[in-house]
Amino acid sequence: MRLLYGGGLSALYDGAPVVLYGDYKKRHRTDYVGDAMERRRRDDIKIAIMDISNLHTGSYRTFLAYRKAEIIYDMTYYFCEKYLRKGDRTIDQMVQAARSGKQNIIEGKEAARTSYETLLKLMNVARASLQELLADYEDYLRTRHLRQWALNSVEVKAMRKLGRERKDSDYFLSLAQTRSDEVIANMVIVLICQEDVLLDRYTKKQEEKFVKEGGFREKLTRERLAYRKSR
């Protein structure tokens with residue numbers, strides 16, 4: 001379904017019957033207000049917890065947190081190339097912050113095989129880099145007097161839904177090619193906020209596991225002691 005609301009949301013739904021948001025809201029209010037926001041927040045957390053169970057197995061490319069970070073990087077590269085002047089130092093800062101978020105997830109995945117401490121450190125670095133990028137997008141909107149979508153706005157809810165349903169960078173880049181700088185910046189802001197939820201759940205879960213089981217060195221010590229006792 002394609003919804004029309006202001007200048008932003010129409011960018012997010014294409015190729016379906018059009019209804020006015022006011023009429024849609026009256027008929028389907030529970031989809032966009034009230035407990036819907038909380039339900040979608042729980043959905044994000046549920047996905048994050050499910051993804052954590054795969055942290056030590058498989059390719060990093062299958063991790064939801066990595067795939068979302070890749071989308072953020074690709075969207076940021078496109079945004080900077082199209083809307084920032086060549087020579088603007090902000091281009092390097094934004095692209096490097098996006099890259100740092102993505103690459104530290106890869107390194108954290110590999111480090112998880114031998115060191116919880118390194119995993120936690122790298123995931124926190126990824127998170128911090130993306131928060132820096134988030135501030136850059138907010139600065140871009142504020143300094144150019146462009147609108148940042150409100151937390152409970154219909155645009156944010158629609159974008160959060162897309163962020164949960166679509167995991168491919170090409171899809172979001174295809175949207176970006178026909179959207180304004182204001183819309184693209186807001187889209188990436190929503191994606192970064194979703195990514196922050198995922199990384200927060202990663203680190204908390206791994207911190208709990210580290211406290212209960214210890215790190216790689218502790219495991220080796222237990223195995224050595226068990227071996228000596230068995231002789």
What closest approach, in Å, do [X] and [Y] show between heavy atoms, and which atom pair accounts for it?
X      : Y      : result
Met159 : Phe172 : CE-CE2, 3.4 Å
Met75  : Met187 : CE-CE, 3.9 Å
Ile184 : Phe79  : CG2-CD1, 3.7 Å
Leu133 : Met94  : CD1-O, 3.5 Å
Gly101 : Ala126 : O-CB, 3.5 Å
Asp74  : Ser169 : OD2-OG, 2.6 Å

Would you say that [X] contacts [Y] through its side chain, given a criterion of any heavy-atom pair below 4.5 Å between the two side chains?
X      : Y      : answer
Asn124 : Thr203 : yes
Asp139 : Thr90  : no
Val125 : Ser129 : yes
Ile105 : Glu195 : yes
Val197 : Gln194 : no
Glu155 : Asn186 : no

Nearest 0.5 angstrom please: [X] [atom1] to [Y] [atom2], how far?
X      : Y      : atom1 : atom2 : value
Asp170 : Ile71  : CG    : CD1   : 9.5 Å
Leu199 : Lys68  : CG    : NZ    : 10.5 Å
Arg160 : Trp149 : CZ    : CH2   : 13.0 Å
Ile91  : Tyr77  : CD1   : OH    : 9.5 Å
Glu70  : Gln103 : CD    : CD    : 10.0 Å
Glu107 : Leu119 : CD    : CG    : 11.5 Å

Query - Chi angles and distances behind the side chain to side chain contact (heavy atoms under 4.5 Å, CB included) call for Arg147, Glu182 - result: CA-CA 7 Å; Arg147 183 171 68 100; Glu182 177 182 304; 3.9 Å; yes

Could you go through Leu141 and Ile189, starting from their C-alpha distance and side-chain angles, then the distance that decides it, and tell me whether this counts as side chain to side chain contact (heavy atoms under 4.5 Å, CB included)? CA-CA 11 Å; Leu141 293 172; Ile189 286 172; 3.8 Å; yes

*Aromatic ring proximity, centroids under 6.0 angstrom, Tyr140 and Tyr83*: no

CA sep, side-chain torsions, deciding dist, call: Ile72, Ile192, side chain to side chain contact (heavy atoms under 4.5 Å, CB included): CA-CA 7 Å; Ile72 292 169; Ile192 292 173; 3.9 Å; yes

Exercise for review: Evaluate salt bridge (charged side-chain N to carboxylate O under 4.0 Å, His left out) for Lys161 paired with Glu165, printing each intermediate quantity in order.
Suggested key: CA-CA 6 Å; Lys161 184 174 185 293; Glu165 293 176 350; 2.6 Å; yes

* To do: Group every Ile, Leu, Val, Met, Phe, Trp and Tyr by side-chain heavy-atom contacts under 4.5 Å, then state whether Leu130 and Leu122 land in the same group.
  =>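 Each belongs to a different hydrophobic cluster.
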
Practice problem: Begin from the C-alpha positions of Val190 and Leu162 and carry the test side chain to side chain contact (heavy atoms under 4.5 Å, CB included) through to its verdict. | Solution: CA-CA 10 Å; Val190 174; Leu162 287 181; over 6 Å; no

Cut-off 3.5 Å, side chains only: do Thr76 and Tyr137 have a donor facing an acceptor?
yes

